[in-house]
Amino acid sequence: MKLTFSLVFLHVLMISLWASAFPVIQIGLESFSPQHLAFVRLSIASLVLLVIAIATRMRLPDIKDIPLLLALGFLGFTVYHTALNIGEKTVSAGIASLLVSTTPIFSSLLAIFLFQEEFGKRKWIGSAVSFAGIALLTFSKENFVHSVNGILLILLAALAESIYIVCQKNLLKKYGFLSFVTYSIWGLQFLCLFFYLD
C-alpha cells in the first residue's frame, strides 16, 4: 500500500482520537454516571449518523437481520461503553487503554474457535509485541489506581467488543461498514432509553 499524506494523517487522527477517549471518559465521569455518559456518547453518534443516512439515502435493513443487528449492537456499544465507563471509575485511563487493547487478541481467539480462521505466527508475534509495549508504557507510570472489579469490567468490555467484531462478518458484507454501524447504534439507542434514563 502506497503511503500518502492523507493516509498517514488519517491514521494519526484515528490513533489520537482512540487514545484520548480514555482520559476524556474519566473527565466525563465527574459530571455523568457511567450509564448516562454512555447514553450521551451514543446519542451524539446517532444524530451524526442520522444526518449521514438522510444525505446518502441509506436503505433500511431486512427484517430478518434486525435481531442479530440488535444483539451485536448491544454487545459492541451498550455493554462495551457501559462496562468501560463503570470500570474507569476505579481504573486509571492508562490501565484501561491497556486492557482494551486485548480486544484484537480476544477477536483472534474467537475467530479461530468459532470460524476456524487462520492466524499466522507473525500476527501472533506482532500482537504480543504490541501488547508488551503498551504494558511497559502503562506500568512505567506511577500512582495509577486500579481495582479487581474495574479490571474485570473493562475486560468484559473488550470481550463484548471482540464478539461484535468477529460476528459482524456477513452483515458487514451485506450492508457495508457505515450502514451496519448505523443500524446497530440506532437500535440500541431506542431499546436502551429506559435503562439509561431511569
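Hydrogens, waters and symmetry mates are skipped; everything else that's a heavy atom, side chains included, is used.
Two residues are said to be in side-chain contact when any heavy atoms from C-beta on lie closer than 4.5 Å; Leu29 and Ile25 meet this criterion. Here the side chains of Leu153 and Leu84 are not in contact, with every heavy-atom distance at 4.5 Å or above. Between Thr90 and Asn149 the shortest side-chain heavy-atom distance does not fall below 4.5 Å. With contacts defined as side-chain heavy-atom distances shorter than 4.5 Å, the pair Val100/Tyr80 qualifies.
Applying the salt bridge (Lys or Arg N to Asp or Glu O under 4.0 Å) rule to pairs touching residues 5-17 yields nothing, sequence neighbours excluded.
Remark: the backbone N or O of Gly28 is not paired with any side-chain donor or acceptor of Ser31 at under 3.5 angstrom. Counting only distance, with no hydrogens or angles, the side chain of Thr82 and the backbone of Val79 share no donor-acceptor pair below 3.5 Å. The backbone N or O of Leu75 lies less than 3.5 Å from no partner atom in the side chain of Glu161, so there is not a single donor-acceptor pair.
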Residues 162-170 side chain polar contacts: donor-acceptor under 3.5 Å, at least two apart:
residue	atom	partner	partner atom	Å
Ser162	OG	Thr103	O	3.0
Ser162	OG	Ala158	O	2.7
Gln168	NE2	Tyr164	O	3.1
Lys169	NZ	Glu117	OE2	3.4

Pairs of donor and acceptor atoms involving the side chains of residues 46-70, under 3.5 Å and at least two apart or interchain, shall be tabulated with distances.
residue	atom	partner	partner atom	Å
Ser46	OG	Leu42	O	2.9
Thr56	OG1	Ile52	O	2.8
Asp62	OD2	Lys174	NZ	2.7
Asp65	OD2	Lys174	NZ	2.7
Asp65	OD2	Tyr175	OH	2.5

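For Ser20, there are no side-chain hydrogen bond (donor to acceptor under 3.5 Å, both in side chains) partners, not counting sequence neighbours. For the side chain to side chain contact (heavy atoms under 4.5 Å, CB included) test, no residue two or more places apart in sequence or in another chain qualifies with Val24.
Shown here for Ala83 and Ala157, the closest heavy-atom pair between the two residues is CB-CB, 4.0 Å. Contact detail for Gln26 and Ala93: the closest heavy-atom pair is NE2-N, 3.5 Å.
With rounding to the nearest 0.5 angstrom, the CD1 atom of Ile185 is 4.0 Å from the CZ atom of Phe77. The distance from atom NE2 of His36 to atom CG of Asn85, rounded to the nearest 0.5 Å, is 12.0 Å. Taking CG from Leu37 and CD1 from Ile27, the interatomic distance works out to 11.0 Å, rounded to the nearest 0.5 Å.
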